[in-house]
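What follows is a single structure, written as C-alpha cells, with notes after it.
Being a predicted model, the structure only gives us computed values, none of them experimental. Labels below follow one simple rule: chain letters A, B, ... track the order of the sequence lines, proteins then strands, and each chain is numbered from 1.
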Amino acid sequence: MKRPVFSDWNIKSVNRKAAIAELLKLFPFQSNTQDLLLTALETREQAEPTIVHKGIAMPHCRSILVDDFMIAIGKSEKGIPWPEEKVKVIILFITPVKPSGPDEHMKLIRHLAKLLRMDGAEKLLSADSPIEAASILKFTLQESKQNE
Amino acid sequence: MNKDLERLISLHDLDVMISDLQNKDIQKQEKKLGLSPAAAVEELKKMRGELALLIARRSRDMYDQLASHYGNAVVPVIHERCSGCFTQLPTAFVASPDRNKQVETCPACGRFIYWCD
Ligand SMILES: [Zn+2]
C-alpha cells in the first residue's frame, strides 16, 4: 500500500488537540477545513483515545472535506499526554467519503493493524527519521521542508 | 463559513464515523488495534445529539430527511456540479460572492451543498 504521507518529526505541541492541529497544518487546506477536520478527529479522541500501541496514537476518520487519502506521521521526543498515556508517535489519516463505501478506509486500517501487530510498532518508536518511519509503514514520503 | 453549515458538515462526518464504527469489518480491525469501537459509538452518539441541538431546527429536520432518503445530506460542489446528483448548478449560484456564507441547498436534489477550498 504505497501512499504519500506528510511528516513532522519534531512536534512541539504539548497536548493532544494541539498536536493533531499541528499535523493537520501539513496538509494543503485552508484554515476553515483544518478546523473542521480537527473537530472530527478530536471528537473521535474524546469518545475513545486512539492509542493503538504504547506510545502510538492513530487519530483517523473519513470526511467529505477531503477527496483523497491524507496521511501524516509525527513524532514528539518528549511525548504528548493523550490525555493520560504519553504518545510519542502519531499516525494520522483522513480518507474520503465515497459512494462505494468505507472499503478503502478499512483496507488502510487493516494494513496498519497488520504492520503494527508484527514488529512495526517497536520499529516505529525507534525510527530516527520520518523516511524510516514511512518505510516501516510502507508509505512514500511527500517532498516537504518538514522531511529534510 | 456559515456556522450552521459548519455544524452540518461536522454532523455528516460524525454520522459517517458512527456508521463506520458499526461496520463489522472495520470493528474487527479496530479491535485488532486494541480499540473499543462499540464503546466509542455510544459516546459519539451522545456527542451527535449535542451537536444536532446546535443546528437551526429547520436545517436539522431537513438534514435528517435527506440523510434517510439519500444516505448523505451534505455534499461538496465539484466542477460547479452538486456531487450528490451531478446537476450543473445555475450560474447565479456559482458566481455568488456568498459561497459558504449561508446554508445553501442543491436546486435539483435538495442536499446541502458547500464549496471546497
Ligand atoms: Zn444535487
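- There is no contact between Leu51(B) and chain A, counting heavy-atom distances below 4.5 Å.
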* Determine, step by step, whether Lys107(A) and Asp25(B) satisfy the side chain to side chain contact (heavy atoms under 4.5 Å, CB included) criterion, reporting the C-alpha distance in whole Å, the side-chain angles of both residues, the deciding distance to 0.1 Å, and the verdict. => CA-CA 10 Å; Lys107(A) 279 181 191 159; Asp25(B) 290 332; over 6 Å; no
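- Among Ile56(A), Ile51(A), Val52(A), the single residue meeting the side-chain contact (heavy atoms from CB on, under 4.5 Å) criterion with Leu33(B) is Val52(A).
- Judged by distance alone, with hydrogens and angles left aside, the side-chain atoms of Glu48(A) form a donor-acceptor pair with the main-chain N or O of Ser36(B) at under 3.5 Å.
- Under 3.5 Å, the side chains of His111(A) and Gln29(B) contain no donor-acceptor pair of N or O atoms.
- If you measure heavy-atom distances from Met1(B) to chain A, the contacts under 4.5 Å come from both the backbone and the side chain.
- Contact annotation for Val41(B): neither backbone nor side-chain heavy atoms come within less than 4.5 Å of a heavy atom of chain A.
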* Which is it for Met17(B) and Arg44(A) under the side chain to side chain contact (heavy atoms under 4.5 Å, CB included) test, yes or no, and what are the steps along the way? -> CA-CA 8 Å; Met17(B) 201 180 281; Arg44(A) 172 70 168 97; 3.6 Å; yes
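- In plain terms, the two heavy atoms of Ala40(B) and Ala47(A) that are nearest each other are O-CB, 3.7 Å.
- If you chain together hydrophobic residues whose side chains sit under 4.5 Å apart, Leu137(A) and Ile131(A) fall into the same group.
- Within residues 118-125 of chain A, no residue has any heavy atom less than 4.5 Å from a heavy atom of chain B.
- Salt-bridge annotation for Asp20(B) and Arg62(A): present, with a side-chain N of the basic residue lying under 4.0 Å from a carboxylate O of the acidic one.
- Side-chain contact between Pro102(A) and Ile26(B) is present, with at least one heavy-atom pair separated by less than 4.5 Å.
- Between Ile64(A) and Pro76(B), the shortest heavy-atom distance links the atoms O-CG, 4.2 Å.
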* Asked: After noting the C-alpha distance and the side-chain angles of Asn32(A) and Glu6(B), does the key distance pass the side chain to side chain contact (heavy atoms under 4.5 Å, CB included) rule?
  -> CA-CA 9 Å; Asn32(A) 205 252; Glu6(B) 282 186 0; 3.2 Å; yes
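- Summarising the geometry of Pro49(A) relative to Leu35(B), their closest heavy-atom pair is O-CD2, 3.8 Å, with the distance given to 0.1 Å.
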* Could you walk me through whether Asp13(B) and Leu65(A) pass the side chain to side chain contact (heavy atoms under 4.5 Å, CB included) check? -> CA-CA 9 Å; Asp13(B) 280 353; Leu65(A) 295 161; 4.2 Å; yes
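- If you measure heavy-atom distances from Leu14(B) to chain A, the contacts under 4.5 Å come from the side chain alone.
- Contacts between Pro99(A) and chain B at a heavy-atom distance below 4.5 Å are absent for every atom of the residue.
- More than 12 heavy-atom neighbours from other residues, nucleotides or ligands sit within 6.0 angstrom of CG on Asp61(B).
- Heavy atoms of Thr39(A) lying under 4.5 Å from chain B belong exclusively to its side chain.
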